[in-house]
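As the structure lists them, so they are numbered: ligands from 1, and atoms in each ligand from 1. Since this is a predicted model, take the numbers as computed values, not measurements. When reading the values below, keep in mind they use all heavy atoms of this one structure, side chains included, and skip hydrogens, waters and symmetry mates. When a residue number appears, it is its place in the shown sequence, counting from 1.
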Amino acid sequence: MELLKERILKDGVVKPGNVLKVDSFLNHQMDIDLINEIGKEFRRRFPSEKITKILTIEASGIGIACIAAQYFHVPVVFAKKAQSINIDGEVYHTRVESFTHKKVYDVILSKKFLGPEDHVLVIDDFLANGCALMGLLDLIHEAGASIEGAGIVIEKGFQQGGKLIRESGVHLESLAIIDSMTDTGLSFR
Ligand code: 5GP
């Protein structure tokens, strides 16, 4: 998606540890006109009428998923991160290692909001090693729901997540795929 790539080149900042900061337009301050175009592009890439729910993970995925959902006319449900939990049988549960915070989170989703009848599109801001996305796919499997695909705003193509997810057969669409990133610049696939 050219508009997104131009914006990453203009305002993205590469930080040590292979972290791209896009907090001026995507995940802290949010450029709603841009995210609206992102939402339309997800709809174009996932035209299926079968989608019944959009699933994301807190916090940065939520705003993007909500704007995209206006083009799908389905509810957004977000997985919650918890430091520690008592699994009470009312929630689906998985564990996710955070790329940016280097810790492992318990991630939960109420059983009320996802079930075998659902066809789910996953949306998230970044794909790096794939831990967050694989955690969300675990929750969908636990629920017995169907995976319609995963839409990612920025994939860091030099990390393994995209390859793992594509090899697993999931329809993955990333709107910008970064092939290399240094403090002097970045290039897209
Ligand atoms: P993964 O689980 O694929 O390794 O990482 C995905 C999650 O880590 C995303 O939900 C995102 O919040 C965060 N993340 C990974 N890489 C970056 C990055 O380069 N910049 C930012 N801002 N977040 C990232």
Would you list the atom pairs, donor with acceptor, under 3.5 Å between side chains in residues 146-157 and any protein atom, with sequence neighbours excluded?
| from | atom 1 | to | atom 2 | distance (Å) |
| --- | --- | --- | --- | --- |
| Glu148 | OE2 | His119 | ND1 | 2.8 |
| Glu155 | OE1 | Arg166 | NH1 | 3.4 |
| Glu155 | OE1 | Arg166 | NH2 | 2.9 |
| Glu155 | OE1 | Ser174 | OG | 2.6 |
| Glu155 | OE2 | Arg166 | NH1 | 3.1 |
| Lys156 | NZ | Asn18 | O | 2.7 |
| Lys156 | NZ | Gln159 | OE1 | 3.1 |

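- The CZ atom of Phe72 sits 5.0 Å away from atom CG of Leu121, with the distance rounded to the nearest 0.5 Å.
- Every residue meeting the salt bridge (charged side-chain N to carboxylate O under 4.0 Å, His left out) condition with Arg7, not counting sequence neighbours, appears here in chain and number order: Asp11, Asp31.
- No more than 12 heavy atoms of other residues, nucleotides or ligands lie within 6.0 Å of NZ in Lys15, so this atom counts as exposed by the packing criterion.
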N/O donor to acceptor pairs below 3.5 angstrom from side-chain atoms of residues 55-68, sequence neighbours left out:
| from | atom 1 | to | atom 2 | distance (Å) |
| --- | --- | --- | --- | --- |
| Thr56 | OG1 | Ile123 | O | 2.6 |
| Glu58 | OE2 | Lys81 | N | 2.8 |
| Ser60 | OG | Asp125 | OD2 | 3.4 |

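- The residues lining ligand 1, counting any heavy atom closer than 4.0 Å, are Asn18, Val19, Leu20, Asn27, Phe99, Thr100, Asp124, Asp125, Phe126, Leu127, Ala128, Asn129, Gly130, Cys131, Ala132, Lys156.
- Side-chain contact, Thr52 with Asp118: a donor N or O sits under 3.5 Å from an acceptor N or O.
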